[in-house]
Colleague: 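Below you will find the structure I want to go over with you.
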Amino acid sequence: MAPKSYIAQVGRFLGQEVTLEGWVYNHTHKGKLHFVMLRDGTGIIQAVIFRDTVGEAAFEKSLQLTLESSVRISGIVTEDKRAKGGFELQAQAIEILQIAPEYPISPKEHGIDFLMENRHLWLRSSLQHAIMKVRHEIIKACRDYFDQLDFTLIDAPIFTPAACEGTTTLFETDYFDSKAYLTQSGQLYMEAAAMAFGKVYCFGPTFRAEKSKTRRHLTEFWMIEPEMAFCDLQQDMAVAEGLIMKILERVLENRREELKKLERDLAPLEVIRTPFPRMPYDEAAAILKKENPDFIEGDDFGAPDETILSQQHSSPVMISHYPVGVKAFYMKADPQQPDRALCVDVLAPEGYGEIIGGGQREDDLEVLLNKIRAHKLPEEAFAWYLDLRRFGSVPHAGFGMGIERTVTWICGLKHIRETIPFPRTMSRIYP
RNA sequence: UCAGGUGUAGCUCAACCGGCAGAGCGGGUGGCUGUUAACCACUAGGUUGUAGGUUCGAGUCCUACCACCUGAGCCA
């Protein structure tokens, strides 16, 4: 048998015979000629099957092929202007691994519910394939960025004994004779790790039982969370800015083809420059008072507010110093203005909204203890967390970036559900 | 959870004022040596989301329920 190749590398075998293994993406036939679009995960190539070349029996068998049937085709790689991708495979022999029954997803239109019900198959489609490739690139860019800055990857637990933030709803689960909760953030554990390693990050799934039915929410999503000892809000923001620039650089370098397939306008991504506009809450609130009559000063921003703010700039906007009341208990208050928190939200451009939330953490034992009490959180569950302020407390900061929201923005999608292989939402846990 | 909307063939959708349930795609059969979501001919495919009600007659009107979609709150 001829040597194996992946479709993406087929150009190296021009004029030679190779064996390709994959699935039938589409096919059509015309008398003694049969065209099979072969898909192997790395690309798509058209195999041309002539009756006279492969023989009567093999040709007849090839006509049995259906969408997504699995095959092994050996043939000579040729260049052909008529073929998409420029290369074609002149089939010499075909081995059918399996004939698939009627495939539910046709190249025609489908509704979102049907596609989600068939998500396990939908992932084979070219647009979904492109989104997952961009997701992969973004995750790799994040890892490389933190590795270059000498961060240590520290994995946070998924089972937790109590609310990390205490504000949002948690998924509860049985844990032998007691209860446990699925994590909604690795942050508190990263704070412990930062005191051990200096600069750390975690990357893992997080869970929110919020009954949110919007295009921006999943109940299970992935978050990358750096945490740095001896770090203030300004330095924290610089790291966040650098991370976003790294992602843009990598995606524009390596995934142009995928973004083009997704019909993503690259111009808004290409014009992004540092430094990103930085704006304290009060300044943002003043803008919103003019633009949105429903906005109440002192409140957190709603989705329409974020859209208004992000559309005023071509680069992501960093909004800091929110009122302490709308933020979590661990946020450090600004010593200059104690009713404002040393926190930051990063809003992606083009109305995509919040992709990063973070800030400087409260590092004073007494202040933190009082906040835990004020928020009516179970004190004993935070004993270990308070220890971090007892044994060598230092200023520290970090943030969390939602991977799926970032992918939604980079890909220019209108809904978050296609950015994760198997989305979990309020109304979907299958497949 | 609230507010709107949708539910008809495997899929995407038609069906006028309440009057014979229809098309394209996909499937099957046959044809074609250059197709790209091919084309031509033939063909199979239905408990109109579920349960009630009004009516001579309901896909169509009414009630309840279910599922999904869009948006809001909350958040990354």
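Note that the coordinates shown come from a computational prediction; the quantities given were computed from them, not determined experimentally.
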Colleague: How are the rings of His29(A) and His34(A) set relative to one another: parallel (under 30°), tilted (30 to 60°) or perpendicular (over 60°)?
Modeller: perpendicular
Colleague: According to a 3.5 Å limit on both distances, what stems of 3 or more consecutive Watson-Crick or G-U pairs are formed with RNA chain B?
Modeller: B:1-7 with B:66-72, B:10-13 with B:22-25, B:27-31 with B:39-43, B:49-53 with B:61-65
Colleague: Using a heavy-atom cut-off of under 4.0 Å over every strand shown, decide if Arg428(A) touches base, sugar-phosphate, or nothing.
Modeller: nothing
Colleague: In whole Å, what separates the P atom of rA41(B) from that of rG24(B)?
Modeller: 10 Å
Colleague: Ring centroid separation for Phe151(A) and Phe197(A), is it under 6.0 angstrom?
Modeller: no
Colleague: Between Tyr103(A) and Glu404(A), which has a closest nucleotide on RNA chain B that is more 5'?
Modeller: Tyr103(A)
Colleague: Which nucleotide wins on minimum distance to the side chain of His217(A), given the candidates rU70(B), rC75(B), rC25(B)?
Modeller: rC75(B)
Colleague: Does a side chain donor of either Thr42(A) or Asp40(A) reach within less than 3.5 Å of an acceptor in the other side chain?
Modeller: yes
Colleague: Would you kindly give the CG-to-C1' distance between Leu413(A) and rU70(B), to the nearest whole Å?
Modeller: 17 Å
Colleague: When you match Gly111(A) and Asp80(A) each to their closest nucleotide on RNA chain B, which lands nearer the 5' end?
Modeller: Gly111(A)
Colleague: Pick the C1' atom in rU29(B) and in rG22(B), then give their distance to the nearest Å.
Modeller: 23 Å
Colleague: Looking only at the side chain of Arg405(A) (C-beta and beyond, no hydrogens), which of the listed nucleotides rC69(B), rG73(B), rA76(B) gets closest?
Modeller: rA76(B)
Colleague: Run the side chain to side chain donor-acceptor pair (under 3.5 Å) check on Gln90(A) and Gln92(A) step by step: do they pass?
Modeller: CA-CA 7 Å; Gln90(A) 306 299 325; Gln92(A) 302 296 306; over 6 Å; no
Colleague: If we take the P atom in both rU60(B) and rA15(B), what is their distance in whole Å?
Modeller: 14 Å
Colleague: When you check the side-chain N and O atoms of Glu191(A) and Tyr330(A), is any donor under 3.5 Å from an acceptor?
Modeller: no
Colleague: Which of these nucleotides, rG34(B), rC68(B), rG73(B), is closest to any side-chain atom of Asp113(A)?
Modeller: rC68(B)
Colleague: Counting side-chain heavy atoms from CB outward, which of rG34(B), rC74(B), rU33(B) is closest to Gln46(A)?
Modeller: rG34(B)
Colleague: Tell me the interatomic distance from Glu354(A), atom CD, to rC75(B), atom P, rounded to whole angstroms.
Modeller: 9 Å
Colleague: How would nucleotides 38-48 of chain B be written as a contact map, 5' to 3', with B for base contact, S for sugar-phosphate-only contact and - for no contact, using protein heavy atoms under 4.0 Å?
Modeller: B----------
Colleague: Within the structure shown, what part of the strands sits under 4.0 Å from Asp52(A) by heavy-atom distance: base, sugar-phosphate, or nothing?
Modeller: base
Colleague: Can you tell me whether the base of rC32(B) sits syn or anti, using the 90° cut around 0 to define syn?
Modeller: anti
Colleague: Looking at rC69(B), rC75(B), rG73(B), which one has an atom nearest to any side-chain atom of Ile112(A)?
Modeller: rC69(B)
Colleague: Check the phosphate of rU70(B) against Arg216(A), side-chain N and O only, distance under 4.0 Å to OP1 or OP2. Yes or no?
Modeller: no
Colleague: Rounding to the closest angstrom, what is the interatomic distance between rA23(B) and rA44(B) at atom P?
Modeller: 12 Å
Colleague: Roughly, in whole Å, what's the span from CZ in Phe50(A) to C1' in rG34(B)?
Modeller: 7 Å
Colleague: Contact class for Thr206(A) vs. all strands (heavy atom < 4.0 Å): base, sugar-phosphate, or nothing?
Modeller: nothing
Colleague: In whole angstrom, give the distance that lies between atom CD1 of Ile296(A) and atom P of rA72(B).
Modeller: 16 Å
Colleague: Output yes when Arg143(A) and Asp147(A) qualify as a salt bridge under the 4.0 Å nitrogen-oxygen rule, no when they do not.
Modeller: no
Colleague: If you measure from the C1' atom in rU48(B) to the same atom in rU1(B), how many Å do you get, rounded?
Modeller: 31 Å
Colleague: What is the separation between atom CZ on Phe114(A) and atom P on rC69(B), rounded to the nearest whole Å?
Modeller: 15 Å
Colleague: Taking the six-membered ring for Trp and the full ring for Phe, Tyr or His, determine whether the centres of Trp122(A) and Phe114(A) are under 6.0 Å apart.
Modeller: no
Colleague: Can you classify the ring geometry of Phe301(A) versus Tyr281(A) as parallel (below 30°), tilted (30 to 60°) or perpendicular (above 60°)?
Modeller: parallel
Colleague: Round to a whole Å and report the spacing from NE2 of His110(A) to P of rC13(B).
Modeller: 11 Å
Colleague: Taking the side chain of Ser106(A) as its heavy atoms from C-beta onward, which of rG26(B), rC74(B), rU33(B) lies nearest to it?
Modeller: rG26(B)
Colleague: Taking the six-membered ring for Trp and the single ring otherwise, decide whether the centroids of Phe382(A) and Phe329(A) are under 6.0 Å apart.
Modeller: yes
Colleague: Going by an N to O cut-off under 4.0 Å, is there a salt bridge joining Glu227(A) and Arg361(A)?
Modeller: yes
Colleague: Any idea which of rU33(B), rU70(B), rA76(B) is nearest the Phe221(A) side chain?
Modeller: rA76(B)
Colleague: Could you measure between the two P atoms, the one in rG57(B) and the one in rA21(B), and give it in whole Å?
Modeller: 16 Å
Colleague: Judged by modelled atom types alone, do Thr206(A) and Thr183(A) share a side-chain donor-acceptor pair under 3.5 Å?
Modeller: no
Colleague: Determine whether a donor-acceptor pair (one donor, one acceptor, N or O, separation below 3.5 Å) exists between the side chain of Ser212(A) and the base of rC74(B).
Modeller: yes
Colleague: Can you figure out which of rA76(B), rG71(B), rU33(B) approaches the side chain of Lys213(A) most closely?
Modeller: rG71(B)
Colleague: For Asp345(A), what residues pass the side chain to side chain donor-acceptor pair (under 3.5 Å) criterion, not counting sequence neighbours?
Modeller: Tyr322(A), Lys327(A)
Colleague: Phe35(A) has a side chain; which of rU35(B), rU70(B), rU1(B) sits nearest to it?
Modeller: rU35(B)
Colleague: Rounded to whole Å, how long is the line connecting atom CD of Glu117(A) with atom C1' of rG10(B)?
Modeller: 14 Å
Colleague: Has the side chain of Gln312(A) got a donor or acceptor atom that lies under 3.5 Å from a matching backbone atom of Leu309(A)?
Modeller: no
Colleague: Calculate the interatomic distance between Asp299(A) atom CG and rC74(B) atom C1'; express it in whole Å.
Modeller: 12 Å
Colleague: If you look at every strand shown and take non-hydrogen atoms under 4.0 Å, does Ile105(A) touch a base, only sugar-phosphate, or nothing?
Modeller: nothing
Colleague: What's the gap between rC56(B) and rC68(B) when it is taken at their C1' atoms, as a whole Å value?
Modeller: 36 Å
Colleague: Just to be sure I understand the rule, does Gly353(A) reach a base, reach only the sugar-phosphate, or reach nothing, if contact means heavy atoms closer than 4.0 Å?
Modeller: nothing
Colleague: rU8(B) and rA14(B): how far apart are their P atoms, nearest whole angstrom?
Modeller: 10 Å
